[in-house]
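The structure appears right after this line, and notes come after that.
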2 protein chains.
Amino acid sequence: MNRKATALDVAKRAGVSRSAVSLVLNGRGDGNVAKESQDRIRQAALELNYSPNAIALSLRNQRSRVIGILSDEVVVSPFDGNIIGGADDVARSRGFVTVVMDTERDAARDASAVETLLDRQVDGLMYVTVGLKPIEVPQGMLRVPSVLANCYDDHPQPQLHHVIPDEVTGGRQATEHLLQLGHRDIALLAGSEDSPAAPLRVQGYRDAHAAADAPIREDRIFMAGWDIDAGYRGTMKLLDGASPADRPTAIMCANDRLAIGVALAAARLGLSVPEDLSIMGYDDETRIADTMIPALTTMALPLREIGRAAMTTLLDAIEGAGEGTHTAGKGTTVETMVPCRLVVRESTGPAPTR
Amino acid sequence: MNRKATALDVAKRAGVSRSAVSLVLNGRGDGNVAKESQDRIRQAALELNYSPNAIALSLRNQRSRVIGILSDEVVVSPFDGNIIGGADDVARSRGFVTVVMDTERDAARDASAVETLLDRQVDGLMYVTVGLKPIEVPQGMLRVPSVLANCYDDHPQPQLHHVIPDEVTGGRQATEHLLQLGHRDIALLAGSEDSPAAPLRVQGYRDAHAAADAPIREDRIFMAGWDIDAGYRGTMKLLDGASPADRPTAIMCANDRLAIGVALAAARLGLSVPEDLSIMGYDDETRIADTMIPALTTMALPLREIGRAAMTTLLDAIEGAGEGTHTAGKGTTVETMVPCRLVVRESTGPAPTR
DNA sequence: TTGAAAGCGGTACCAG
DNA sequence: CTGGTACCGCTTTCAA
């Protein structure tokens, strides 16, 4: 109801001036304000439940302690949601607040969102995408310290620092896990070319095979899509009617939803997982991978870590900023790669002997 | 980069005073400022790419055109994400910006988040939850116009307007769909008591049976949980080893993930969907329901609509506000119920004859 | 028709 | 040690 208390209210109540209130409440009381006054001020502030008006502060200090986050799809996705969660953790712990604006994959809205945020005096900007992808950096982002999370500037001379998962290594380690279990015929449902993550994971798959001196059958690699139905159909193509000797003993999927489709198909064909067929997911999607039957072995995307790392980089740039050195200057790393993490559950097991 | 242009810059360039700039750019130039000056001002503003500093505006006008959104779990959930998406649509179209703060289900953080937002002079507050649930309204929310989305104040005398889905009707219509297909033995995997939605949907299930004069077998109702494994286990209990005559012909689930478990179990048991068994989901979860094999018939939660309705209510209160009438005054509706929507796909079909 | 000045809520500097 | 005052960028009133 009634307005919040201002510094003036506190000053009156404590019988001092506004300046004194400001000093004391900002920890610079000692040596400037009498001990006794300090106590009265603190007491009054408490009684009035005073906290400074952030707007006035921003105007005065020319910094808002707000970080703007642009996302191409937050609000429907558990993926960049987690990135934002991680970013927010870090921001909060350092006294910043994050403001999320969703552009719903409409590039035209990016620019206007950036302007809106800039008008609100954000101290920094972060751009987050659902899947790994190249983006066109909105011009305005170069006006304040900025960072890219899970996406990157595709230009020859990238201006901004980006933080992305190490997909090649992820693909490799997932494959190695299977190889170590004795699998030698591993099919790969690799998503589709629309995501740069797909070819990277395929690369990891190839690297692992090469390192293990295991041959690759090109017809085992499918670029079919990312959804349950694609997993199901791919598996049917692979397994239905094939003689046991000509079946892959493991199927590696580019995400957990594909793995659901694989499991569905396996069940329909009367195959046991992991006895007859091992299934490997990717992403470690919450509430999916861990509750599947059987629980999915998967490669966890380090989403929270990406968010944390990106925000840390950003805040360091802001708080350390002496000059307008917020674009990646010489000597600054332009890319941070965060490793994925293998999560072994029950959907993978030793290759069947045949 | 160089700082943004201020009204003073524009004034100088146009050779007028700041006041003139303000008047003209706010559409109150006619009758106050000479036509010619107006043109010069507009021209200068354009050249300098001027837009007013939102911070200064907020301080001056005592309103920020920012709506704070508190969420107990946005950032990992496609559910309240959609609510926020709908809310944001409405806010944007009316010239407001939304700021999302995630409290990650930590009630203690609610209060501090509200304070933070209040310090930033938000014009209104919205509280969003992932699942329908009663909440303890943070005190601060009563200081500005506020609304609850997908949650409600459980107190005898609720202070805030809330917008929730009509779960009873949802449960009833889902059941009716099955009843109309001839099913008379419909099992219900009802989630668990931790959500108030569960009993409401059960109520709908009962209502539909009563209206159709169909008897209910109490042992067909399971409160087992919300995840894939619960769906699988529940189905196994229901179907495995049971004589065909004693099997339910349809299984209704309280969410789509349960339905995945059901489908997995059915496949394992060699049952065809929907020929031998119909499966009904709930939620219409993106990328799950529509891509399942077979595609899931489900009851869509009206999440976007909830968000839109809640934000509309809120902004109406803010913009219409003559006095401090922002708590639901007499005559004001305190509850808005939004209907769910049946989405018929391929997992339900006529009951098998036996 | 125009410009000067006050004030929104703070902080910081500078006399006293 | 303390209080007065200028200023952040903008709107609005008031006097010229």
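Chain letters run A, B, ... following the sequence lines, proteins first, then strands; residues in each count from 1. As the structure is a prediction and not an experimental result, all values here were calculated from the model.
Across all strands shown, A:Asn32 has heavy atoms under 4.0 Å from base atoms, whether or not it also approaches the sugar-phosphate. If you check every strand for non-hydrogen atoms under 4.0 Å, B:Ala7 touches sugar and phosphate atoms only. Contacts of B:Val21 with the nucleic acid, taken as non-hydrogen atoms under 4.0 Å apart, are absent. As judged by a 4.0 angstrom heavy-atom cut-off over every strand, B:Ala34 is placed among residues touching the sugar-phosphate backbone only.
For the pair A:Tyr50 and C:dG10, the criterion of a side-chain N or O lying under 4.0 Å from OP1 or OP2 is met. The side chain of B:Ser37 contributes an N or O atom lying less than 4.0 Å from OP1 or OP2 of C:dT2. Phosphate contact (OP1/OP2 of D:dG9, side-chain N/O of A:Gln62, threshold under 4.0 Å): present.
Rounded to whole Å, atom P of D:dC7 lies 22 Å from atom CZ of A:Arg63. When rounded to the nearest whole Å, the span between CD of A:Glu36 and P of D:dT2 equals 9 Å. Between the C1' atom of C:dG10 and the CZ atom of A:Arg65 lies a distance of 16 Å, rounded to the nearest Å. Atom-to-atom, CG of A:Leu8 to C1' of C:dG7 comes out at 12 Å; the value is rounded to the nearest Å. In this entry the distance linking CG of A:Leu48 with P of C:dG10 reads 12 Å, nearest Å. For the pair B:Asp30 CG and C:dT1 P, the interatomic distance rounds to 10 Å; values are reported in whole Å. One can place CD of B:Gln121 at 18 Å from P of D:dG9, the figure rounded to the nearest angstrom. If you take CD1 of B:Ile55 and P of C:dG7, they are 23 Å apart, rounded to a whole angstrom.
Here the rule is side-chain contact (heavy atoms from CB on, under 4.5 Å) with B:Val144, and of B:Leu117, B:Leu118, B:Val114, B:Asp123 only B:Leu118 fits it. With respect to A:Leu160, the side-chain contact (heavy atoms from CB on, under 4.5 Å) criterion is satisfied by exactly one of A:Ile135, A:Leu314, A:Leu142: A:Leu142. In summary, of the residues considered (A:Thr129, A:Asp154, A:Leu148), a side-chain contact (heavy atoms from CB on, under 4.5 Å) with A:Pro134 occurs for A:Asp154 alone.
Side-chain contact check for B:Asp153 versus B:His162: every heavy-atom pair is 4.5 Å or farther apart. For the pair A:Tyr127 and A:Cys151, the minimum side-chain heavy-atom distance is below 4.5 Å.
Map B:Lys35 and A:Asn53 each onto its nearest nucleotide of DNA chain C; the residue landing nearer the 5' end is B:Lys35. Of the two residues near DNA chain C, B:Arg40 and A:Ser51, the one whose nearest nucleotide lies more 5' is B:Arg40.
Within a 6.0 Å radius of CD in B:Gln139, other residues, nucleotides and ligands contribute 12 heavy atoms or fewer.
For B:Leu57, the side-chain atoms get nearest to D:dC10 when compared with the rest of D:dC10, D:dG3, C:dG3. Taking the side chain of A:Leu59 as heavy atoms from C-beta on, and the options D:dC8, C:dG3, D:dC10, the nearest nucleotide is D:dC8.
Look at A:Arg92 and A:Asp88 and you find a salt bridge, because one of the NZ, NE, NH1 or NH2 atoms lies within 4.0 Å of a carboxylate O, short of that distance. With respect to B:Glu319 and B:Arg65, a salt bridge is recorded, a charged nitrogen being found less than 4.0 Å from a carboxylate O.
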Can you pull every protein N or O that's under 3.5 Å from an N or O on nucleotides 12-15 of chain C?
| residue | atom | partner | partner atom | Å |
| --- | --- | --- | --- | --- |
| C:dA12 | OP2 | A:Arg28 | NH1 | 3.4 |
| C:dA12 | OP2 | A:Arg28 | NH2 | 2.8 |
| C:dA12 | N6 | A:Ser19 | OG | 3.4 |

